[in-house]
There are 2 protein chains.
Amino acid sequence: MTFMTSPSFRPLYKQIKELLLDGLRGGEWRPGDAIPSEIELAARYRVSQGTVRKAIDELAADNLLVRRQGKGTFVASHGEPQVRFRFLRLAPDAGGPVAAERKLLDFRRARASAETARLLELRTGDSMIVLTRLLLFSGDPVVLEEVWLPAGLFRGLTASAITEHKGALYNLFETQYGTRMVRAEEKLKARSADDETAKLLALEPGHALLEVERLSYTYGDRPVEWRRGLYKTDRHFYRSELG
Amino acid sequence: MTFMTSPSFRPLYKQIKELLLDGLRGGEWRPGDAIPSEIELAARYRVSQGTVRKAIDELAADNLLVRRQGKGTFVASHGEPQVRFRFLRLAPDAGGPVAAERKLLDFRRARASAETARLLELRTGDSMIVLTRLLLFSGDPVVLEEVWLPAGLFRGLTASAITEHKGALYNLFETQYGTRMVRAEEKLKARSADDETAKLLALEPGHALLEVERLSYTYGDRPVEWRRGLYKTDRHFYRSELG
DNA sequence: GAGTGGTCTAGACCACTAG
DNA sequence: TAGTGGTCTAGACCACTCC
């Protein structure tokens, strides 16, 4: 199976990668599952093991799969602790563990504004779920954030499901609603606290806060969540790496 | 050449990678140069082309090398326009090109504080170069930053060399002083403008600003620059990607 | 056409994990 | 010991660039 006749040439391993992505999107293998072995996949797709390998390499580089020598290749999951820190970029000035307490302040339904609809590729007025929550570190309120989700993707999501869930929101989403957040883009600005925010974050109005807007994507670059967070950066900072 | 006898097994391609890194560190190939072809390197190191290939793959993934099909493999350089946006994460709210004007406000020598010395792995009191500059976008001052450099690495650096140089500072550093910035870590906080900053950024004192501290590294994870920037985020935002 | 990186294959063998 | 991913090789051929 070695046909590549230009023009518009598409490498075999890229095609295999697409097939594997289809399996991930379609739920054939779910977060935490092992996918078939390289030899098995090579036989299934009638290509050499090396070609499957290269496809998997790229998916692993994209953080969609995790290879474990001797054990197999697994679908990446927000259940693994190290993954959480890829999405929560806040770290304490003084080292030490980050044990966050989450307090759900509000849970409601709303209609998508023109702007929200545009970002999430929905129609204006589409039904959405909005939740407001507070993150506290050792009792100190540090993050106030609002999360917007398309209601269609999270049918049956309730406030108590969130408060009772242990672990990250993204873990709940992937285990209960089959939506895995794969990557996100954030836009940061500095902003002064308004009265209500100041009260919730236990600081004076006008205090400088870090505003973080996040658009999260699932497989295939489909946007499925929008967040706006206000971070108190008195004893924490946002870490960014420039490669 | 296929000896790998555990324990403390180190793959051949990792060793080749180290050898290539030595060449980069030592200046055998300079930014913009082509390195020898894969076949040539395979012959030099007595390994197969595939092994060299894997070493180069990793260096390319680290943004140290750039592959160009049909032409060769080149040492990454800050001269290429697309690289600049890997380090300047500020983008305008309304799209459009980012043409920044740079104004050097101050150029002086100083001694490393204990904190600076710790970060840059120097000794307290070591000689340093400090420059303060303003970045303007379409005439509007947006970034005020202070850059700390070990004087030993940048002998002969003058204010006029900086003001006369076209292109990014990092481009000047790599072409004139042989120090290429490979990656950086940034810590972000929100902060209120003090009187002097407010004046320079044309805003009122107390205005919320984004504070960005950057530690930049050259080959081999050696820290060689520390920066502190204050960003006006009224019409610009800092972009971050969570993989 | 010559030279470069890019793809694909087939096979051998090593390192790691688990039963 | 069997099965998995990881390394390494040798060789064939393709795509791209430049002369």
Side-chain angles (χ1 to χ4, degrees), chain A residues 1-20 23-24 29 32-77 80, chain B residues 1-20 23-24 29 32-77 80:
Chain A
M1 187 162 179
T2 311
F3 45 86
M4 32 174 162
T5 42
S6 191
S8 88
F9 154 64
R10 190 165 177 70
L12 242 188
Y13 77 88
K14 290 276 188 191
Q15 300 175 40
I16 305 300
K17 185 181 174 186
E18 277 308 319
L19 292 172
L20 292 173
L24 292 171
W29 313 296
D33 285 358
I35 67 170
S37 75
E38 295 178 353
I39 295 175
E40 212 169 324
L41 290 169
R44 177 194 298 195
Y45 299 129
R46 311 294 188 88
V47 297
S48 78
Q49 184 182 350
T51 299
V52 168
R53 207 174 161 68
K54 184 145 187 179
I56 292 179
D57 278 345
E58 287 206 351
L59 291 168
D62 293 343
N63 294 311
L64 300 189
L65 295 177
V66 178
R67 322 190 72 140
R68 296 202 192 114
Q69 181 171 126
K71 300 177 76 172
T73 299
F74 299 79
V75 182
S77 157
E80 298 138 39
Chain B
M1 187 163 180
T2 311
F3 46 85
M4 31 172 163
T5 42
S6 193
S8 89
F9 154 63
R10 187 164 179 70
L12 243 189
Y13 77 88
K14 291 276 189 192
Q15 300 175 41
I16 305 299
K17 185 182 175 186
E18 277 309 318
L19 293 172
L20 293 173
L24 293 170
W29 313 296
D33 285 358
I35 67 170
S37 75
E38 294 178 354
I39 295 175
E40 212 168 325
L41 291 170
R44 177 193 300 196
Y45 299 128
R46 311 295 188 87
V47 297
S48 78
Q49 184 182 351
T51 299
V52 169
R53 211 177 158 66
K54 185 146 188 180
I56 292 178
D57 278 346
E58 288 207 351
L59 291 168
D62 293 343
N63 294 311
L64 300 189
L65 296 177
V66 178
R67 322 189 72 139
R68 294 202 194 113
Q69 181 169 120
K71 300 176 76 171
T73 300
F74 299 79
V75 181
S77 157
E80 298 138 40

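Residue numbering restarts at 1 for every chain, and letters A, B, ... go by the order of the sequence lines.
- Checked against D:dG5, C:dG6, D:dC8, the side chain of B:S48 finds its nearest nucleotide in D:dC8.
- Base pairing of C:dG19 is not made with any nucleotide, judged by Watson-Crick or G-U wobble geometry with both donor-acceptor distances under 3.5 Å.
- One can place OH of A:Y13 at 8 Å from C1' of C:dG6, the figure rounded to the nearest angstrom.
- The side chain of B:F9 approaches D:dT7 more closely than any other nucleotide in the set D:dT7, C:dT7, D:dT4.
- Taking atom CZ of residue B:R53 and atom P of nucleotide C:dC8, one finds them 11 Å apart after rounding to whole Å.
- For B:P11, the listed nucleotide lying nearest its side chain is D:dC8; candidates were D:dG5, D:dC8, C:dT4.
- Annotation: side-chain contact (heavy atoms from CB on, under 4.5 Å) contacts of B:S77 (sequence neighbours excluded): B:P31, B:E80, B:E174.
- Under the rule for a side-chain contact (heavy atoms from CB on, under 4.5 Å), the partners of B:K17 that lie at least two apart in sequence or sit in another chain are B:A55, B:E58, B:L59, B:D62.
- Look at CZ on A:R68: it is 12 Å from P on D:dG6, rounded to the nearest Å.
- Whole-Å rounding puts the B:K71 NZ to D:dT17 P distance at 8 Å.
- An OP1 or OP2 oxygen of C:dT7 is reached within less than 4.0 angstrom by a side-chain nitrogen or oxygen of A:K54.
- Look at CG on B:D57: it is 12 Å from C1' on C:dT7, rounded to the nearest Å.
- Note on B:T73: every side-chain N or O is 4.0 Å or more away from OP1 and OP2 of C:dT4.
- One interatomic measurement links the two molecules: CD of A:Q69 to P of C:dA18, which rounds to 12 Å at whole-angstrom precision.
- Contact annotation: A:T51 does not reach the phosphate of C:dT7 (side-chain N/O to OP1 or OP2, under 4.0 Å).
- Side chain of B:Q15 to main chain of B:R10: a donor-acceptor pair is present (N/O by atom type, distance under 3.5 Å, no hydrogens or angles).
- Ranked by how close their nearest DNA chain C nucleotide is to the 5' end, A:V52 and B:E40 are led by B:E40.
- Under the 6.0 Å distance and 45° angle rule, B:R68 counts as a cation-pi partner of B:F74.
- When rounded to the nearest whole Å, the span between CD of B:Q15 and C1' of D:dT7 equals 12 Å.
- A:R67 places its CZ atom 15 Å from the P atom of C:dT17, with the value rounded to the nearest Å.
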